[in-house]
2 protein chains.
Amino acid sequence: MATLAAPAKTGETTRERIAREAALLFQRKGFHGTGMADVLAAAGVPKGSLYHHFPNGKADLALAAADWASGSLLGIVEDAFASATRWDDGVATLSHKLAKLFEESGRWAGCPITSTLFTNEEDERSRAATAAHLDRWTEAVARHAARMGCDDPAARAEGMWMAVQGAWTLSRVRRTGDPLRRVPRLLGLAPEPR
Amino acid sequence: MATLAAPAKTGETTRERIAREAALLFQRKGFHGTGMADVLAAAGVPKGSLYHHFPNGKADLALAAADWASGSLLGIVEDAFASATRWDDGVATLSHKLAKLFEESGRWAGCPITSTLFTNEEDERSRAATAAHLDRWTEAVARHAARMGCDDPAARAEGMWMAVQGAWTLSRVRRTGDPLRRVPRLLGLAPEPR
DNA sequence: TCCAGGCTGGACCGATCGGTCCAGGGAAGG
DNA sequence: CCTTCCCTGGACCGATCGGTCCAGCCTGGA
């Protein structure tokens, strides 16, 4: 292969690069707000290449982008909770981490998968994918909650994500990461990691 | 005037009807996902008419639609809190009301103004409008919180909206109003209105 | 009665949308 | 060295996008 624009930079395939760039664009501008031309330009790839890797076009691309973004977020979650020994610490660490990322990325990017898949109106396929990703995150957090001896870890995890989703929305509206940092307080937890 | 398609039904002006229909469409399909043709069809109005009332086209329309939706939601909020004598009751009543509305409207419609204005990427005008609407709702709720003797009513109101926004998102993902009904529990309040 | 102007109806426009198609480049395998 | 095939590059397409323009209707005021 070997094209221009850093394809084999880290062994990253063209397909991965397209998915990643698409994910970042969808997150910023939404699904309908992002044109294929935007993705092409960001990934530095011609049309034929994109449609080779994603034969069903934009719909495929949305799912792949959501996959990428979901995995990325899952990594952040695991990072935050891995070193935590108490539930409060895990939630606080994650909240602050998300707030920081939000601010570093221009204080506009929302939840990666709701941004990507939700503007895609009543398409059941992408809605189901969204639910699956959210379940994965919830399970991951619930596992940590259980490890730390929380009662009803599933409910804890679900509640945390509800708060995070709300905070993400408010953070975008206010253009500040503060609502995300207020997640622990909303849940009645210690606001800072110990 | 007098056109077809229920213009003077309730003394409603053409402009109002367009704004309302646009609001409902934006809420369901997002800003970029809704075409002017959709709005035209829903409102039963020709192009010339729409552009007479909204000279700046879609951008104007988004702001007007958000106004309409914001006022509508504010009415729901006032309704829910008007008869409440305790904070818990107000929040529970509102949560259940929103859950019911969500389910009745096809379990898809999210927050009316974030749906409308957020897909509109980094446009500062609409972001500011979103913030203003949210402030209005927060103030209204804070007023009730103060009336009921809550400490720090502003923080209470802000927290409630954070939870509601998160619940709205989760309700859409799961296609059930349950997350909205779980808002009081998330906030550590009585889950049912007394 | 007639005039003026707000509003409607719809033809029309260029730009951009997502998507198709195929010629050819280039590495891998024989 | 030659064949094979995956992938690239980009020309091209019809549909749809948001938006413009203007003729004419209808109403309220003089």
Side-chain angles (χ1 to χ4, degrees), chain A residues 1-9 11-23 25-26 28-65 116-117 119-121 123 125-126, chain B residues 1-9 11-23 25-26 28-65 116-117 119-121 123 125-126:
Chain A
M1 31 212 82
T3 69
L4 49 142
K9 193 157 125 201
E12 183 188 46
T13 67
T14 299
R15 192 180 194 280
E16 283 164 353
R17 182 159 35 104
I18 296 173
R20 173 170 49 85
E21 293 301 330
L25 281 168
F26 288 153
R28 250 193 334 123
K29 314 181 28 167
F31 177 76
H32 289 297
T34 302
M36 294 302 265
D38 296 333
V39 178
L40 262 17
V45 151
K47 243 177 185 182
S49 185
L50 191 152
Y51 278 91
H52 171 78
H53 293 291
F54 303 95
N56 286 332
K58 215 181 177 185
D60 274 7
L61 191 53
L63 295 177
T116 301
L117 299 178
T119 43
N120 212 355
E121 58 163 309
D123 169 5
R125 229 164 95 78
S126 52
Chain B
M1 32 212 84
T3 70
L4 47 143
K9 192 157 122 200
E12 184 189 48
T13 67
T14 299
R15 193 179 193 281
E16 284 164 353
R17 182 159 34 104
I18 296 174
R20 174 170 49 85
E21 293 300 331
L25 281 168
F26 288 153
R28 245 188 343 117
K29 313 180 30 167
F31 178 75
H32 289 296
T34 303
M36 294 302 263
D38 297 333
V39 178
L40 263 16
V45 151
K47 243 176 185 178
S49 184
L50 190 153
Y51 278 91
H52 171 76
H53 293 292
F54 303 96
N56 286 333
K58 214 180 178 186
D60 274 7
L61 191 53
L63 295 177
T116 301
L117 298 178
T119 42
N120 212 355
E121 56 165 311
D123 170 3
R125 230 164 93 78
S126 53

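Here is the naming used below: chain letters follow the sequence lines, and residue numbers restart at 1 for every chain.
Closest approach of A/Ala64 to A/Phe54, counting heavy atoms only: CB-CE2, 3.5 Å. Minimum interatomic distance between A/Thr34 and A/Leu25 (heavy atoms only, all atoms of both residues): OG1-O, 3.5 Å. Among all heavy-atom pairs drawn from A/Ala65 and A/Phe26, the shortest one is CB-CD1, 3.9 Å. The shortest heavy-atom contact between A/Ser126 and A/Leu117 is O-CD1, 3.4 Å.
Residues A/His32 and B/Phe31 form no side-chain contact, since every pair of their non-hydrogen atoms from C-beta on lies 4.5 Å or further apart.
The NE2 atom of A/His52 sits 6 Å away from the C1' atom of D/dC6 (whole-angstrom rounding). Whole-Å rounding puts the B/Arg15 CZ to C/dG6 C1' distance at 15 Å. Taking atom CZ on B/Arg17 and atom C1' on C/dT8, their separation rounds to 12 Å, with Å as the unit. Distance A/Leu50 CG to C/dC21 P: 16 Å, rounded to the nearest Å.
For residues 53-63 of chain B, the set of pairs meeting the salt bridge (Lys or Arg N to Asp or Glu O under 4.0 Å) definition, not counting sequence neighbours, is empty.
B/His53 has a side-chain polar atom (N or O) that falls below the 4.0 Å cut-off from OP1 or OP2 of C/dT8. OP1 or OP2 of D/dC7 has not a single side-chain nitrogen or oxygen of A/Thr14 nearer than 4.0 Å.
Separating the OG1 atom in B/Thr14 from the NE2 atom in B/His53 is a distance of 5.0 Å, to the nearest 0.5 Å.
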Short heteroatom pairs, N/O only, protein and nucleotides 17-20 of chain C, under 3.5 Å:
{"from": "C/dG18", "atom 1": "OP1", "to": "A/Thr34", "atom 2": "O", "distance (Å)": "3.2"}
{"from": "C/dG18", "atom 1": "OP1", "to": "A/Lys58", "atom 2": "NZ", "distance (Å)": "2.7"}
{"from": "C/dG18", "atom 1": "OP2", "to": "A/Met36", "atom 2": "N", "distance (Å)": "2.7"}
{"from": "C/dG19", "atom 1": "OP2", "to": "A/Tyr51", "atom 2": "OH", "distance (Å)": "3.0"}
{"from": "C/dG19", "atom 1": "OP2", "to": "A/Lys58", "atom 2": "N", "distance (Å)": "2.9"}
{"from": "C/dG19", "atom 1": "N7", "to": "A/Lys47", "atom 2": "NZ", "distance (Å)": "3.0"}
{"from": "C/dG19", "atom 1": "O6", "to": "A/Lys47", "atom 2": "NZ", "distance (Å)": "2.1"}

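Over its length, the helix from C/dT1-D/dA30 to C/dG30-D/dC1 turns its helix axis by 10°, as judged from the five terminal pairs at each end, rounded to 10°.
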Check residues 38-52 of chain A and write down every donor-acceptor pair under 3.5 Å in which the side-chain atom is one partner and the other belongs to a residue at least two apart or another chain.
{"from": "A/Asp38", "atom 1": "OD2", "to": "A/Lys29", "atom 2": "NZ", "distance (Å)": "3.4"}
{"from": "A/Asp38", "atom 1": "OD2", "to": "A/Gly35", "atom 2": "N", "distance (Å)": "2.9"}

